[in-house]
Amino acid sequence: MHLDTIKAGVRELRPYSLRPYRARVKLNQNENAWDAPVELRQETLRRLAERRWSRYPDFTPERLRERLAEFAGWTTEGVLAGNGSNELIQALLMVTIEKGNNVLINEPTFALYRQVTTILGGETTTVSLSSDLSYDTNALIKAVETSRPRVTIICSPNNPTGCLLGHADLASLLGASTGLVAVDEAYFEFSGQTVVSLLKDYPNLVVLRTFSKAMALAGLRVGYLLSAPQLVQEIAKALLPYNLNIVSQIAAEVALELFPGKLKPLVQNICDERDRVYAELTKIPGLEPVRSAANFMVVRSSVVPSTIFNELLKRDILIRDVSRYPMLQDYFRISIGTPEENDLLLTSLREVMVQNRLGA
């Protein structure tokens, strides 16, 4: 098998994957519960029919870059489109991290940051969130000054906890950093907060975004990166040629055009449901939801999270057991679904908690 040819650090990694569970109510991957509007799909297919499929997509999707720049309020030369934001996270780390370099991350956070760093031969320094699962800015700044990381990655809102790092705190972190600071804004549309306005003052800032959540295009894999044009030129060197297919390019363009009238109202629906679900969860004995600025939330449970997961799966509801994450041994995570899906979840959680209290 020649496994000795694989890096030891890679062999020790647990793969980033999900077990292929299936359920009628799917609330485990932070997806948009509302599918892409029919107008988005129809217009994408119409434009696709006008393209020759035998030809490569644009090497650099300039029209999409222009639309992304207009949407984000940044310069076109400072935009890079990718096959999901995950590809751009990987590209950023590929051009910055080599053996012995340090990446600073929070714990708990998105597992891919550590995985890619390890595969590249880098090392991760971690800073724990506060006990209430919010960002500890003082601890972050101290860690930046002490470990002098090549890259610091902040997920805001954070996955899986939903907490935000404010502008003033991020500015302090940027000012203290000798390396790059990457802010993963995969869920920014649900928070009403973005750090893009800081790009003009901090050339070490990189912003990452995705079309998988608020834009309802998870199946098409589109992401984009915003940074200083000189940095974008270097990061682009790590991308494979023609990395974004024509279907995804066209769909992303249409989504940006339709966002104000068709997609933004869906974002508001999700935020309204998030607040309603939070309020209802606080009324269920044994559950303690954590306020979130994203389209998901973690919930602390007096019942073992794996039990919650299995009981809900029996009821055809799929959630995420995050109890293996640091600091989250008593927690599970739920994505916000449609009102009907959320009602089923709440009813089922009430039943499960009562049954387990009686069983105890």
Is the closest basic N to carboxylate O distance between [X] and [Y] below 4.0 Å?
| X | Y | result |
| --- | --- | --- |
| E66 | R63 | no |
| R47 | E50 | no |
| E257 | R67 | yes |
| R276 | E280 | no |
| K213 | E189 | no |
| R41 | D35 | yes |
| K26 | E31 | yes |
| R114 | E107 | yes |
| K142 | E145 | no |

Residues clustered with L240, ILVMFWY side-chain links under 4.5 angstrom
none
R46 atom CZ: more than 12 heavy-atom contacts under 6.0 Å:
yes
Take a 6.0 Å sphere around CD of E77 and say whether it holds more than 12 heavy atoms from other residues, nucleotides or ligands.
yes
Indicate the ring-plane relationship of F59 and Y242, choosing parallel, tilted or perpendicular according to the 30° and 60° boundaries.
perpendicular
Using the six-membered ring wherever Trp is involved, compare the ring planes of Y113 and F110 and label them parallel, tilted or perpendicular (cut-offs 30° and 60°).
perpendicular
Whether [X] side chain and [Y] backbone form a donor-acceptor pair below 3.5 Å:
| X | Y | answer |
| --- | --- | --- |
| N158 | C163 | no |
| T347 | D343 | yes |
| R315 | E311 | yes |
| T109 | N106 | no |

S306 and D321: side-chain donor and acceptor closer than 3.5 Å?
no
Without hydrogens or angle criteria, can the side chains of N30 and Y187 be said to hold a donor-acceptor pair below 3.5 Å?
yes
Are R274 and F190 in a cation-pi setup, meaning NZ or CZ lies under 6.0 angstrom from the ring centre and within 45 degrees of the ring axis?
no
